[in-house]
Amino acid sequence: MSAPSEKSLAALLDERRTFAPPEDFRRRANASDPGIYDRALRDPEAFWAAEARQLDWFTPWQKVLEWNVPWAKWFVGGKLNVAYNCVDRHAHSARRNKAAIIWEGEPGDSCVLTYGMLEREVNRFANALRSLGVAKGDRVAIYMGMVPELAIAMLACAKIGAPHSIVFGGFAAEALRERINDAKAKVVVTCDGAWRRGSIVPLKASVDEALRGTPTIQSVVVVRRIGDAAKAAMQAGRDVWWHEVTDAASDQCAAEPMDAEDMLFVLYTSGTTGKPKGIVHTSAGYLVGVSTTHRYVFDIKEEDVYWCTADIGWVTGHSYIVYGPLANGATSLMYEGTPDYPDRDRFWSVIDKYGVNIFYTAPTAIRTFMRWGTELPARHSLSSLRLLGTVGEPINPEAWIWYHDYIGRRRCPIVDTWWQTETGMILISPLPGLTATKPGSATRPLPGIVAEVVDAKGDAVGPGAGGYLVLKRPWPAMMRTIYGDPDRYVQQYWSRYPGVYFTGDGCKVDEDSYFWLLGRVDDVMNVAGHRISTYEVESALVDHSSVAEAAVIGRTHEVKGQGISAFVTLKEGVTPDDALKNELKQHVVGKIGAIARPDEIFFVSELPKTRSAKIMRRLLRDIAEGRILGDTTTLADPAVVARLKTQYQEEG
Ligand code: WTA
C-alpha cells in the first residue's frame, strides 16, 4: 500500500489537537444547524431534492433517484441546462454586473468578466462551435492554459449540450492524442501557447503533433494568448482563430434543454492498469452536488471573492473554479501562472490585490511555501482571508498548522476536503461553522454521504484500525460510467464489495468517528497532487529502445507527497550511465508530460518478483526510501536488487 511511512502514520494518528469553529464564523455560517447531518441521513432524497430546487429547471424531475446498483440516475425526467444555471440566470438578475470571473495573467495583465459579459462571450463561442458543425452530443476536446477562454469554452459546450473533454495543458502530444481518440472528439480548442514562468509553452505545436493521428477531429480553434512569439502555424481549412470565429458570431444563444442524465463532460484520470479512464459526469446531479458542497463547505457569501488555485485541467478546477462557484453566482478568481513567478510571494500578492476571502489549494503547495519561509507571507496583509481549504492528498499536521498560523493567521478555519475525479464533488470534509477540525483529518462525511472503513472482507473496522474507504450510498455527482467501457466501471469500482463503491484509498477512523486518509492502496501515485499510475510511467519507459523492463513506485517525498522512482533493466549491450538516465526521463516527459518525470532511475540486473511473477513493490519502496540500503549509491552495482530479493523473501 503506497501510504505514508509507518513513522509518519504513527505521528498522524497521534495528532490530538482540535480547533473549534470560531464563534463569529459559526454564527454566520451557511451550514450552522448540526441537525443537517441527521436530516440528510434520515431522508437523503429529500435532502438533495431541496438543494436541487436552488437550480432553474426547464422541466421538473419526476423521481429524485433511480438506483440499480451500480447504475444511478438522479432527478429522473428533469430538464435543465448547466450553462444557463451558471451564467444566464445570474446575468438576468441583480448579479448582472457582478464579477463572475476575475482573471489574473502570469505576466501581470488581468481582466474581469461580469455575469453579463460572460453570458455574451459564452453565447458567441457557443454559436461559433455550432458554425463549426458541433451539435448536441458531439465531444469537444479542450487543451489550453488557464485563460478566461477556457471557462468560456466549457460553458459554451454546456450551453449547446456538447460534452467537453479537457486535457491538462501539461500533457504531451501523445497523451492528448490518446484522449482525443478515446472520446472521438470533433473539435479541439487550444491556445497558440501558454505562459509558464516567463517562457512559452507551445500548446498549438503539441496539438499539431497530436492531430497526426486523430481521425475524428475536423477543426481546431486557437486562442491568441501569446501572439507572434508563439509561432503557431495555422493549417488552412482546419484551424481558425478564436477571435475571428467569435467576432462573427451573435451574442444571443438559447440554452439547449438537457436531460438530467445527459453527459456534461468526460475527464480522463489514471487507473491502476491500462489506459486512462474517461470519467463520465452528467448534468443535473453533478451540478446539484458541486453547487451544494461549494455553498456549505466554502460557506460562500454574496460578497466573497473565492480563489481555487487548481488548474481547470483537473477535476478540482471543473467543480470548484467553474461549475460550483458559478452555479452559486459567486466571484471566482482564476490565476494563470505558478506561485513563484515573478516572485515566491505571488499568491499572497494576488490575495491582497483582490481581497480574496476564501482560498483553496493543495498540501504540496503548502509544503513548498513552508520551505520558502514565513517572511514571504508576512510581507502581506492577508486580512481579507476568512476560510482556507486543501485538496488532493493527505495533509500532514505540520503543514496544516503552518497554513493555519501563517496564512490563516490563526483566525481562519481550514477545510481539508477529500474527494476524487470519480466522486465529482467533495464527500468528506468539515463544515466550517459546525465541525471541530483536527490537523491531518478530513473529519466527517458530508450530510447525505455514507462512508465506511472496511477490512478485506468488507466488514467495518473499529476505531483506530486501518482499512479501505468505501461509500455505501449513491450521491448526485457520482460518476455514471467510464466512457465507452461500462464493464470496467463495474469491475473497477463496484466489484470488490458488491453494491459498495471502492475508492482505492486507505483510511482509519478514530474514536470520534473522524476519517484519516492514508493514501492510495493501489498502484496509483499521487505526485504533487497529480494522479499518475505506475503503469503509465512503466509503459513510457519500456517504449524506449534501450529498456527491457521497468517497475515504477511512488516513494515518500517531503514536498510532493510522493516522488517517482523507476527501476529499469536494460537490453543486452546497453551501457547504464547518467546520460541514459536523463534520456529516459526525457522520454517519459515526451510521452506523458513533465508531471510524470521520474525523480530517479535505478538500473538493476533484474526486477525482484515473487514466484507468481508479481513485482515486489514493497521491496522497491523500501530501497528507494532508504530503509534497506540507506545510501542508494550502492545500487551502482545492478545486481544488488537481485541479491536483496533473496534476503527479503527469507525475511518474509
Ligand atoms: C487523494 C482530486 C487525502 C485520494 C480531487 C484520492 C486526498 C485521490 C484528499 C483523487 C484529501 C484527494 N486527503 N487524500 N483531502 N483529496 N485525495 O481524482 O487518494 O485527482 O483517491 O481528485 O486524491 O485524486 P483526483
Side-chain angles (χ1 to χ4, degrees), residues 1-4 8-9 12 166 168 170-171 266-272 276-279 281 289-290 293-294 297 308-321 323-324 360-367 388-397 399-400 403 414-430 435 437-446 449 451 453 468-471 477-479 482 492-493 501-508 514-533 536 554 560-562 595:
M1 163 162 143
S2 50
S8 65
L9 193 67
L12 190 68
I166 304 185
F168 172 58
F171 276 120
V266 56
L267 178 58
Y268 288 83
T269 191
S270 296
T272 312
K277 307 175 279 194
I279 305 300
H281 284 289
V290 298
T293 47
H294 183 258
V297 173
C308 165
T309 69
D311 191 290
I312 292 177
W314 309 112
V315 75
T316 304
H318 283 62
S319 299
Y320 297 109
I321 296 178
Y323 291 118
Y360 188 32
T361 197
T364 185
I366 298 167
R367 289 189 296 264
L388 303 175
T390 73
V391 60
E393 48 179 321
I395 182 163
N396 46 312
W400 195 103
Y403 196 33
I414 297 180
V415 288
D416 171 359
T417 64
W418 177 89
W419 58 296
Q420 309 176 303
T421 306
E422 293 88 337
T423 70
M425 66 190 231
I426 298 169
L427 295 189
I428 304 181
S429 163
T435 317
T437 51
K438 303 186 190 185
S441 169
T443 76
R444 300 174 58 187
L446 288 176
I449 304 305
V453 177
Y468 304 107
L469 178 67
V470 297
L471 301 161
M478 64 194 278
M479 71 185 295
I482 291 177
Q492 290 254 305
Y493 300 101
Y501 175 90
F502 180 68
T503 64
D505 275 18
C507 192
K508 286 197 183 198
Y514 274 39
F515 287 65
W516 298 77
L517 276 306
L518 303 174
R520 302 287 307 190
V521 295
D522 52 15
D523 294 330
V524 173
M525 299 179 286
N526 191 331
V527 181
H530 299 143
R531 235 170 110 163
I532 303 164
S533 84
E536 282 170 278
K560 297 195 281 188
Q562 284 189 315
I595 55 167

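In what follows, residues are counted from 1 in the order of the sequence shown. Just follow the structure's listing: the first ligand is 1, and inside any ligand the first atom is 1. Source: prediction; values computed, not measured.
- Aromatic pair F515/W418: ring centres not closer than 6.0 Å.
- Take Y320 and apply the side-chain hydrogen bond (donor to acceptor under 3.5 Å, both in side chains) test, not counting sequence neighbours, and it matches T293.
- Donor-acceptor pairing under 3.5 Å is lacking for the side chains of Q420 and T503.
- If you look at Y493 and Y501, their ring centroids are closer than 6.0 Å.
- Shortest non-hydrogen contact noted between T443 and K438 is CG2-N, 4.5 Å.
- Closest approach of Q562 and N526 over heavy atoms only: OE1-N, 2.8 Å.
- Within 4.0 Å of ligand 1, the residues that place a heavy atom are V315, T316, V391, G392, E393, P394, D416, T417, W418, W419, Q420, T421, D505, L517, R520, N526, R531, listed by chain and number.
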